[in-house]
Colleague: 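Here it is, the structure, as structure tokens.
Computed from a prediction, not measured in an experiment: that's the story for all the values here. All heavy atoms count here, side chains included; hydrogens, waters and symmetry mates do not. Throughout, numbering of the chain's residues begins at 1 and tracks the sequence.
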Amino acid sequence: MSNSIAEARKETLDKDLDKLVHVEEATSFVARGLVAPGLGLLFLALTAIVASFFVIGEPRGVIIIAAAAIGGYMALNIGANDVANNVAPAVGAKALSLGGALAIAVVFESAGALIAGGDVVGTIAGGIVNPAAIGDPAVFIRLMMAALISSALWINLATWIGAPVSTTHSVVGGVVGAGIAAAGVASVQWPMLGNIVLSWLVSPLLGGIIAATFLAFIKTAIIYQDDKIAAARRWVPLLIAVMAGAFAAYLATKGLRRVISLSGLHIALLGLASFALTWVVFNVTVRRQSETMENRNQSLRKLFYVPLICSAALLSFAHGANDVANAVGPLAAIVHAVEDNEFGFAVSIPFWVMLIGAAGISFGLVLFGPKLIRMVGDQITKLNPMRAFCVALSAALTVIVASWFGLPVSSTHIAVGAVFGVGFFREWYTANSKRRRAYMERKVERLRAERNGGVDASAGPDDQESEATDDLEDTGPPVSREEINRRRLVRRAHVTTIVTAWVTTVPAAALLAAGIFLILDVIA
């Protein structure tokens, strides 16, 4: 009897302990999910403290402190959403680990923001809404505050649902909405807004077309050649040289021109010099690297690892130089209006404001960026080093082409559009390419001849299929036909989500900003 009671008590105790273990695991899981938001709130508190040191003696210093905290929140969201596009292709192609990509992006984003990001934010301060229609600096401050809050909230929502959106368009939408609420529809510079709307179409289409064109060339000139290594020695150095020249011109256009004076001729000469030097270097490097390579697609991928890593760093630098103004532009405009009691085009960014933007983008990337990096790099379509190379190259070339025509473009739309272009081209090419079909038939015939000759008697149909579809899978064990078909497809759910977010960014941010401005107007 006593033994039964003891056993029952022991069983009850075990159940209670088991419940405690599950509760402890659940608590630990929840706590892990709260670490990033907690660190983000700590950063915002530190931002406000830092700003307080620069407004001592300023009667309206509390406005600047509040604006600094909101600007820090905006920077966190830019880091979580926008920066992912720069490193996602390299991560998706397995050229960089997630940790390595985060480290590279943090260093080069910060360097780009601090070294080449200190330009005048005239478009945000006076190029979208006519300053003469506002009149009162106090109204302008509330306008910029509403734009900053609305754009940050919209980007936060987009990140939460997994949609990479343009931070530039978010800020523009916020300024437009608050401007209309403050001074009416006539206050908006509609030609400027029309150019921005045009970039909705131009950015992703141009990025996708350029990326698909280069992928078509790589497939035709290298992948579906019988002697892949000889083809790679001929064309890979040239492709890498094109990337180097494009990035040199890209950095000069988007970043270095803010540090030193560069004309169009200087930028062109810099790009040509980078092209020539890179071609000479990689002509030797690729030849040496390919000497011991097998005649397989998986061997070719190794030749693109270094260019992909370099492209992630260079894109991050240029993005930090260009898009940090989206985080700190409204903040700088508010600081200028509070301190000088005036507003307009000539708004310079103080160094402490730039520091908040650079630090916020870096923290946002580390704390919240991995979700979008995985989505862009792996979930829209399957990327290997060659496809990712086309995406990175397209990003640089599209910005240069758009700059020639004076079109404002979104780096986010370009990068994601390039991923779409690569994915949809793969679908079309797999279904329609006669060259690919003939190549596969020759390859299958060789495999059959080897099998009949006893060279590879152990190979079965699955091995043959795996070999014949080598360009569609990553290194690793063979996969089924269903999995290969799945990898060929662009994920339509992601396309729908992203395109919907793109189309609604400006109007959603505008409506949100208008509501926030009216609330601030009532409080004031």
Side-chain angles (χ1 to χ4, degrees), residues 36-80 106 109-115 117-122 124-125 137-153 155-156 167 170-171 174-175 178 320-321 323-344 346-368 513 516-517 519-520 523-524:
L39 292 175
L41 289 174
L42 179 61
F43 170 76
L44 298 185
L46 291 174
T47 298
I49 292 172
V50 169
S52 66
F53 289 106
F54 294 93
V55 297
I56 296 175
E58 173 60 53
R60 294 185 293 176
V62 66
I63 297 176
I64 295 178
I65 293 173
I70 299 169
Y73 173 55
M74 176 66 169
L76 285 175
N77 284 295
I78 290 177
V106 165
E109 283 278 341
S110 300
L114 296 176
I115 295 173
D119 64 334
V120 177
V121 290
I124 294 174
V139 175
F140 178 79
I141 290 171
R142 292 195 292 274
L143 186 158
M144 284 295 159
M145 193 79 79
L148 196 56
I149 296 172
S150 66
S151 55
L153 289 173
I155 297 169
N156 197 337
T167 57
S170 301
V171 173
V175 174
D323 282 20
V324 69
N326 294 329
V328 300
L331 172 58
I334 292 170
V335 172
H336 179 73
V338 170
E339 292 181 344
D340 299 335
N341 200 36
E342 64 179 15
F343 56 95
V347 180
S348 60
I349 303 180
F351 180 77
W352 68 270
V353 172
M354 187 66 68
L355 190 62
I356 287 175
I361 289 174
S362 298
F363 274 109
L365 173 65
V366 173
L367 295 177
F368 308 106
I516 293 172
F517 175 84
I519 293 172
L520 293 176
I523 295 174

Colleague: If I compare all heavy atoms of I356 with all of F43, which pair ends up nearest, and what's the gap?
Modeller: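 The pair with the smallest heavy-atom distance is O-CZ, 4.0 Å.
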
Colleague: Indicate yes or no: at least one non-hydrogen side-chain atom of M74 is less than 4.5 angstrom from one of L331.
Modeller: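 Not in contact.
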
Colleague: First locate atom CG of N156, then atom CG of N77, and finally report the distance between them rounded to the nearest 0.5 Å.
Modeller: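 Result: 4.5 Å between the selected atoms.
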
Colleague: Minimum heavy-atom separation for G174 and S150, please, with both atom names.
Modeller: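 Closest pair (atom of G174, atom of S150, distance): CA-OG, 3.6 Å.
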
Colleague: To the nearest 0.5 Å, how far apart are CD1 in I334 and CG in L143?
Modeller: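 Separation between the atoms: 9.5 Å.
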
Colleague: What pairs with T167 under side chain to side chain donor-acceptor pair (under 3.5 Å), at least two apart in sequence or on another chain?
Modeller: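 Side chain to side chain donor-acceptor pair (under 3.5 Å) check on T167 returns D82, N326.
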
Colleague: Kindly indicate whether the side chain of F517, heavy atoms from C-beta on, has any atom under 4.5 Å from the side chain of I149.
Modeller: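 SC-SC contact between F517 and I149 ruled out.
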
Colleague: In chain order, what residues pass the side chain to side chain donor-acceptor pair (under 3.5 Å) check against S362, with sequence neighbours excluded?
Modeller: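 Per chain and number, S362 pairs via side chain to side chain donor-acceptor pair (under 3.5 Å) with S110.
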
Colleague: Rounded to the nearest 0.5 Å, how far does NE2 of H336 lie from CD1 of I141?
Modeller: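 Nearest 0.5 Å value for the CD1-NE2 distance: 10.5 Å.
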
Colleague: Would T47 and Y73 count as a side-chain contact (heavy atoms from CB on, under 4.5 Å) if you check the C-alpha gap in whole Å, the side-chain angles of each, and the deciding distance to 0.1 Å?
Modeller: CA-CA 9 Å; T47 298; Y73 173 55; over 6 Å; no

Colleague: Return the minimal non-hydrogen interatomic distance between V171 and P330, and the atom names on each side.
Modeller: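 For V171 versus P330, the nearest heavy atoms are CG1-CG, 4.2 Å.
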
Colleague: For a quick test of reading the model, state the closest non-hydrogen atom pair linking A69 to A48 and the distance between them.
Modeller: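 Residues A69 and A48, closest heavy atoms: CB-CB, 4.5 Å.
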
Colleague: Could I get the full list of ring pair (Phe, Tyr, Trp, His ring centres under 6.0 Å) partners for F368, not counting sequence neighbours?
Modeller: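 With sequence neighbours excluded, F368 shows a ring pair (Phe, Tyr, Trp, His ring centres under 6.0 Å) to no residue whatsoever.
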
Colleague: First locate atom CG of L44, then atom CD1 of I49, and finally report the distance between them rounded to the nearest 0.5 Å.
Modeller: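 Reported to 0.5 Å precision, the distance equals 11.0 Å.
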
Colleague: So W352 and F54, would you call those rings parallel, tilted or perpendicular, with 30° and 60° as cut-offs?
Modeller: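 If you compare the ring of W352 with that of F54, the planes turn out parallel.
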
Colleague: When rounded to the nearest 0.5 angstrom, what is the spacing between CG in L39 and CG in L46?
Modeller: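 It is 10.5 Å, given to the nearest 0.5 Å.
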
Colleague: Taking all heavy atoms of A75 and all of G357, pick out the closest pair and write down the distance.
Modeller: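 For A75 and G357, the tightest heavy-atom pair comes out as CB-O, 3.7 Å.
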
